[in-house]
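Note sheet for the following structure.
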Amino acid sequence: MEMRQFRKEIEQRLTRDGWTIIYDHKESTLRIEDDEIKKGVTLSLKPLLAKWERKEFGSIDEVVRYVEVGLEAMKMKPSIAGNEKKIFPVIRATSFPTETKEGYGLLYDEHTAETRIYYVIDLGESYTLIQEPMLEETAFTKDEIREVAMFNVRSLPQPLMEDTVAGNRFFFLRAKDGFDASRILDQSLLEKMEKQATGQLAVAVPHQDVLIFADIVNERGYDVLAQLALQFFGEGRVPVTALPFLYENGELEPTFILAQRKPK
């Protein structure tokens, strides 16, 4: 399907009273805004079309539902009180905003030179970022929010799929719950993977919906990991970083790998 046809089909499905659709030709994005709240969802069409061509999602219904859920969540005003079990951390790039367009500060912590940790309330099909003013409505402190979020992420399942290339093992965590990349904050998981590794343990969070572990035993392994991270980075709805991390002495260190060959 051509980009123009793909875009037109999505636009037709998203045409609603009270919604405004803006197409950015230069960036190949569609912005769908709710006229009442003046907020919206931006779709990057190139990665969506690539997923469509690889048949990674069943129909445009999934894209429509993503927008509907996103705009519905923006209208909601969830509170921290009573939702303690639904508080989770999410990983974002350091370029991600630290405050809302209205000027309200978002609750976040620094993570690595490439990533930052934000905190959210899970709404089921979506989540809302916790803003600093929300703390004023509850007795929780930022430290307590952080502690609750880290406890909750450790309680999530850890399904791993394994693949081997040239003797290097790669593990993919894709639970499809919106917090796949967040598992990188589970120190016990990192330590477990390090103990299992026979070579250098590397980790990648190219976008929010995947966490990649790599047990690197030769140069080919670094090559494959770099290509995988770059490929996933270009495909994710919420890209994080194309740079993998080396895990050593309990620390994550971003590393640039000049890949020479594409993985098979």
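- Within the 4.5 Å cutoff, no side-chain heavy atoms of R174 are placed close to those of M161.
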Legend entry - Verdict with reasoning, R92 to V238, per side chain to side chain contact (heavy atoms under 4.5 Å, CB included): CA-CA 8 Å; R92 292 290 184 270; V238 184; 3.6 Å; yes
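- Atom NZ of K142 sits in a crowded spot, with more than 12 heavy atoms from other residues, nucleotides or ligands closer than 6.0 Å.
- The shortest side-chain heavy-atom distance between L71 and K39 does not fall under the 4.5 Å cut-off.
- Seen from the ring of F96, R116 does not count as a face-on cation partner, given the 6.0 Å and 45° thresholds.
- The shortest distance between side-chain heavy atoms of L252 and I184 falls below 4.5 Å.
- The two residues T241 and F233 have their closest heavy-atom pair at C-CD1, 3.6 Å.
- The cluster map of Ile, Leu, Val, Met, Phe, Trp and Tyr, joined by side-chain heavy atoms under 4.5 Å apart, puts L230 and F213 in different clusters.
- One hydrophobic cluster holds both I32 and I37 under the rule that ILVMFWY side chains link at heavy-atom gaps under 4.5 Å.
- In the model, Q187 has no side-chain atom that pairs as donor or acceptor with a side-chain atom of R154 under 3.5 Å.
- Nearest heavy atom pair, residue N168 against residue V217, reads OD1-N, 2.7 Å.
- A salt bridge is absent between R16 and D34; no separation between the charged side-chain nitrogens and carboxylate oxygens falls under 4.0 Å.
- The nearest pair of heavy atoms linking A202 to L225 is CB-CD2, 3.4 Å.
- Atom CZ of R65 is separated from atom CD of E72 by 5.5 Å, given to the nearest 0.5 angstrom.
- Note: F245 and H111 have tilted aromatic rings, judged against thresholds of 30 and 60 degrees for the angle between ring planes.
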Inset, instruction - Test side chain to side chain contact (heavy atoms under 4.5 Å, CB included) on I121 and T128 and set out the steps. - result: CA-CA 5 Å; I121 298 175; T128 185; 4.0 Å; yes
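- In this structure, N83 contributes its side chain and S79 its backbone to a donor-acceptor pair below 3.5 Å.
- Linking ILVMFWY side-chain heavy atoms closer than 4.5 Å, directly or via other members, places I60 and M3 in a single hydrophobic cluster.
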Inset, instruction - Output, in order, the C-alpha distance, side-chain angles, deciding distance and verdict of side chain to side chain donor-acceptor pair (under 3.5 Å) for E114 and T112. - result: CA-CA 5 Å; E114 293 291 317; T112 72; over 6 Å; no
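- Ion pairing between R4 and E9 fails under the 4.0 Å rule for side-chain N and carboxylate O.
- Between V203 and I212 the shortest side-chain heavy-atom distance does not fall below 4.5 Å.
- Using a 4.5 Å heavy-atom threshold, the side chains of P78 and L123 count as touching.
- Annotation for I21 and E11: closest pair CD1-O, 3.7 Å, computed over non-hydrogen atoms.
- Heavy-atom contacts from other residues, nucleotides or ligands closer than 6.0 Å to CD of E147 number 12 or fewer.
- Atom CD of E162 is separated from atom CD of Q196 by 8.5 Å, given to the nearest 0.5 angstrom.
- The structure places CG of L156 at 11.0 Å from CG of L189, a figure rounded to the nearest 0.5 Å.
- Residues F6 and L48 have side chains in contact (heavy-atom distance under 4.5 Å, counting atoms from C-beta outward).
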Inset, instruction - Given ring-ring contact (aromatic ring centres under 6.0 Å, His included), test Y127 with F179 step by step and report yes or no. - result: CA-CA 10 Å; Y127 47 66; F179 304 109; 5.4 Å; yes
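- Remark: the T42 side chain and the R31 side chain contain an N/O donor-acceptor pair separated by less than 3.5 Å.
- V64 and V41 fall within the same hydrophobic cluster, defined by Ile, Leu, Val, Met, Phe, Trp and Tyr side-chain heavy atoms under 4.5 Å apart, directly or through other members.
- Atom CG of residue D215 and atom CG of residue L201 lie 7.0 Å apart, to the nearest 0.5 angstrom.
- When each of V148, I130, I80 is tested with Y119 by the rule side-chain contact (heavy atoms from CB on, under 4.5 Å), just one qualifies, namely I130.
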Legend entry - Step-by-step side chain to side chain contact (heavy atoms under 4.5 Å, CB included) determination, F172 to D163: CA-CA 8 Å; F172 302 85; D163 196 7; 4.3 Å; yes
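- Checked for salt-bridge contact, D61 and R13 meet the test: a charged N lies under 4.0 Å from a carboxylate O.
- Looking at every heavy atom in both residues, S126 comes nearest to V69 through CB-CG1, 3.4 Å.
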Legend entry - salt bridge (charged side-chain N to carboxylate O under 4.0 Å, His left out) between K176 and D209, intermediate numbers included: CA-CA 7 Å; K176 298 182 180 180; D209 297 314; over 6 Å; no
Inset, instruction - Show your working on side chain to side chain contact (heavy atoms under 4.5 Å, CB included) between L106 and T100 and close with a plain yes or no. - result: CA-CA 7 Å; L106 297 172; T100 67; 3.8 Å; yes
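- Side-chain atoms of T29 and E27 form no donor-acceptor pair, as typed in the model, at a separation below 3.5 Å.
- Across all non-hydrogen atoms, the minimal contact from Q208 to V240 is N-CG2, 3.9 Å.
- Atom CD1 of I91 sits about 12.0 Å away from atom CG of D180, to the nearest 0.5 Å.
- Residue-environment remark: CD (E251) stays at or below the threshold of 12 foreign heavy atoms within 6.0 Å.
- Side-chain atoms of F151 and F88, non-hydrogen and from C-beta on, never get closer than 4.5 Å to each other.
- The closest donor-acceptor contact from the side chain of N218 to the backbone of G221 lies under 3.5 Å.
- In this structure, the side chain of T164 does not engage the main chain of G167 through any donor-acceptor pair within 3.5 Å.
- If you run side-chain contact (heavy atoms from CB on, under 4.5 Å) between M150 and each of D186, I145, L185, only L185 comes through.
- Note that the CZ atom of R237 and the NE2 atom of H207 stand 9.5 Å from one another [nearest 0.5 Å].
- With a 4.5 Å cut-off on side-chain heavy atoms, F171 and M193 count as touching.
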